[in-house]
Structure formats: structure tokens, C-alpha cells
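One-based numbering, in listed order, for ligands and for the atoms of each. Source: prediction; values computed, not measured.
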Amino acid sequence: MKPKLVVFASGSGSNFQSIIDAVHSGQIQAEISGLITNNPQAYAIERAKIAGISALVVSEKYFETYAQFEENLVKHVRFFEADVIVLAGYMRKIPASLIEQYSGRILNIHPALLPKFGGKGMYGIHVHRAVLEAGETESGCSVHLVTENYDEGPILGQAKVPVFADDTPELVQKRVLEQEHRLYVQVLADFCERLMTK
Ligand code: GRF
């Protein structure tokens with residue numbers, strides 16, 4: 001049986017799109033059973049609609065306590081019968097109980113060569129700004145398993161890009177994002193294949 005992926009995304013969802021395309025083309029042997037977002041404005045929702053994938057907005061704002069939110073999130077992941085949770089630009093912390101229950105089956109993509117430029121405050125354009133400020137001559141992206149310590153789980157794959165002297169954070173971001181689309185698909189294809197042969 002093909003594994004079921006549940007994608008978590010908060011924004012544009014370009015990584016989500018490349019995963020949708022790779023599932024359609026058969027490069028990733030899986031089914032995407034749902035999208036979960038915390039952001040009702042996320043363009044990722046539009047992408048899900050176009051692809052005929054159910055999308056749910058689950059936000060802390062809708063609940064009185066964090067525990068209620070956490071419970072609800074887990075319930076919806078279960079409802080989608082997730083085998084694998086794919087974080088694709090999800091801008092919220094993953095609750096501990098979800099990490100525990102899906103240990104080794106939550107993947108994330110980070111727009112830098114971890115362990116460099118990871119952790120608190122390292123998201124979006126901030127990452128690329130920090131890379132330039134540090135005078136790096138290369139950057140890239142990393143796909144890793146999610147553990148309780150954010151951005152510190154085992155790395156499943158990395159792709160590198162050059163960083164030039166006259167680069168701007170936006171240029172580096174664009175260059176890295178292109179590699180993200182390729183890398184995430186590749187790592188997910190391998191990950192799903194291994195799950196099926198287990
Ligand atoms: C990507 O840069 C990803 O590495 C980071 O968030 C961004 C999401 O972009 N975690 P998109 O929504 O997939 O376009």
C-alpha cells in the first residue's frame with residue numbers, strides 16, 4: 001500500500017506544489033491525503049483545492065488552550081490516516097505529542113545547510129541574510145527528521161548552491177528554493193519507497 005502523506009504548510013506552498021506534481025507523475029509513490037495549515041490565507045490551500053486535496057485550517061487561535069489545539073491537530077492527522085507528515089514551510093512549532101506519536105515519520109525542509117543557520121529565529125529571509133552576513137560562499141537546503149529540538153533531527157539529504165559576493169538575501173533565497181523543490185521530492189521518493197518495502 002502506498003503511504004499516505006499529510007502536508008503541513010503556512011504560506012505559498014511551492015514545495016507542496018512540487019510534491020503534488022511528483023505524486024501525480026509517479027516519482028513519489030504515495031498518496032497525499034490532506035493539507036493542514038494554521039493560516040486561512042495560505043496560498044497552499046488554493047493549490048490543494050486545484051489538486052483535489054482536502055485542506056484543513058487548524059490554528060491555536062481557535063482554541064482556548066494549547067492542549068485543546070494539540071489534541072485537535074493530532075485528531076485531524078489521524079483522520080487523514082497519515083503515515084508520514086511532511087512539513088513544507090509550516091511556521092509553527094510541532095506539538096510534542098505529535099512528534100512522539102509520529103517519531104521518525106515527520107520530515108522538514110530547512111533553507112540552509114544544517115547544522116549551520118538553524119534554530120530559533122532562523123526562518124525565511126532571516127536565514128539567507130545570516131548566510132550573507134557570515135560571508136559564506138555556499139548555502140543550500142536540508143531535509144531532516146523532526147525531533148523535539150528544532151532543526152536538529154537526523155539529516156536525510158542536502159543540496160548546495162553557490163553564494164556570490166554581490167548576492168542579496170532574495171537572490172540566495174530564490175536559488176535555494178529551486179533546489180528545495182528538487183531535493184524534497186527526491187528524499188520523499190526514497191523515504192516512501194523504503195516505507196513500502198519495510
Ligand atoms: C521554504 O524556504 C522552506 O525551506 C521553509 O519555508 C519555505 C516554504 O516555501 N521551511 P514554500 O511555501 O514551499 O514556497
Side-chain angles (χ1 to χ4, degrees), residues 5-24 27-28 30 32 34-51 53 55-59 84-95 98-99 106-132 136 138-163 167-189 191:
L5 312 181
V6 171
V7 178
F8 282 35
S10 303
S12 134
S14 70
N15 277 289
F16 176 39
Q17 186 65 55
S18 62
I19 295 163
I20 293 173
D21 295 345
V23 166
H24 284 168
Q27 192 185 347
I28 298 176
I32 304 175
L35 169 78
I36 292 182
T37 182
N38 60 302
N39 174 14
Q41 312 298 335
Y43 187 66
I45 298 174
E46 215 41 51
R47 298 185 192 270
K49 267 190 203 155
I50 294 166
I53 296 167
L56 280 174
V57 184
V58 187
S59 163
V84 182
I85 298 174
V86 180
L87 308 185
Y90 184 67
M91 304 307 272
R92 285 285 183 280
K93 200 172 155 28
I94 298 295
L98 200 61
I99 298 181
I106 308 180
L107 279 68
N108 182 43
I109 187 151
H110 184 77
L113 296 173
L114 291 173
K116 282 178 163 183
F117 306 104
K120 213 171 161 19
M122 283 295 159
Y123 61 89
I125 203 74
H126 303 292
V127 177
H128 309 294
R129 207 169 281 142
V131 165
L132 287 177
E136 298 285 323
E138 63 176 16
S139 189
C141 46
S142 311
V143 176
H144 66 94
L145 289 175
V146 173
T147 57
E148 290 232 10
N149 294 337
Y150 219 67
D151 292 339
E152 287 179 20
I155 293 170
L156 303 179
Q158 289 186 315
K160 289 181 178 174
V161 302
V163 173
D167 261 335
T168 62
E170 290 74 18
L171 283 172
V172 180
Q173 183 175 46
K174 188 166 172 278
R175 204 172 300 132
V176 169
L177 192 61
E178 277 169 21
Q179 291 306 311
E180 288 185 35
H181 298 156
R182 207 184 46 79
L183 178 72
Y184 219 173
V185 163
Q186 206 176 57
V187 170
L188 274 169
F191 194 84

Checklist entry - Any heavy atom of G13 sitting closer than 4.0 Å to ligand 1? => result yes

Next on the checklist: Under the rule for salt bridge (charged side-chain N to carboxylate O under 4.0 Å, His left out), what residues qualify as partners of R182, not counting sequence neighbours?
Outcome noted: none

Next on the checklist: Using a 4.0 Å cutoff against the non-hydrogen atoms of G89, which atoms of ligand 1 qualify?
Outcome noted: 6 (O), 8 (C), 10 (N)

Next on the checklist: Using ring centroids (six-membered ring only for Trp), state whether Y123 and H126 fall under 6.0 Å.
Outcome noted: yes

Checklist entry - Of the protein's non-hydrogen atoms, which lies at the shortest distance from atom 10 (N) of ligand 1, and what is that distance? => result I109 O, 3.1 Å

Checklist outcome for this item: Residues at least two apart in sequence or cross-chain that pass ring-ring contact (aromatic ring centres under 6.0 Å, His included) with F8, listed by chain then number, are Y90

Checklist entry - Between N108 and ligand 1, is there a nitrogen or oxygen pair with a distance under 3.5 Å? => result no

Checklist entry - Which part of E180 is near ligand 1, with near meaning a heavy atom under 4.0 Å away: side chain, backbone, both or neither? => result side chain

Next on the checklist: Considering non-hydrogen atoms of the protein only, which is the closest contact for atom 9 (O) of ligand 1, and what is the distance?
Outcome noted: N15 ND2, 3.9 Å

Next on the checklist: Checking the N or O distance criterion of under 3.5 Å, is ligand 1 in contact with F16?
Outcome noted: no

Next on the checklist: Do V86 and L188 have side chains that approach each other closer than 4.5 Å (heavy atoms only, starting at C-beta)?
Outcome noted: yes

Item to check | Atoms in ligand 1 flagged as close to S14, the criterion being non-hydrogen separation under 4.0 Å | outcome: 11 (P), 12 (O), 13 (O), 14 (O)

Item to check | Taking every non-hydrogen atom, the tightest pair across A48 and A55 | outcome: CB-CB, 4.1 Å

Item to check | Derivation and outcome, side-chain contact (heavy atoms from CB on, under 4.5 Å), residues K116 and E136 | outcome: CA-CA 11 Å; K116 282 178 163 183; E136 298 285 323; 3.0 Å; yes

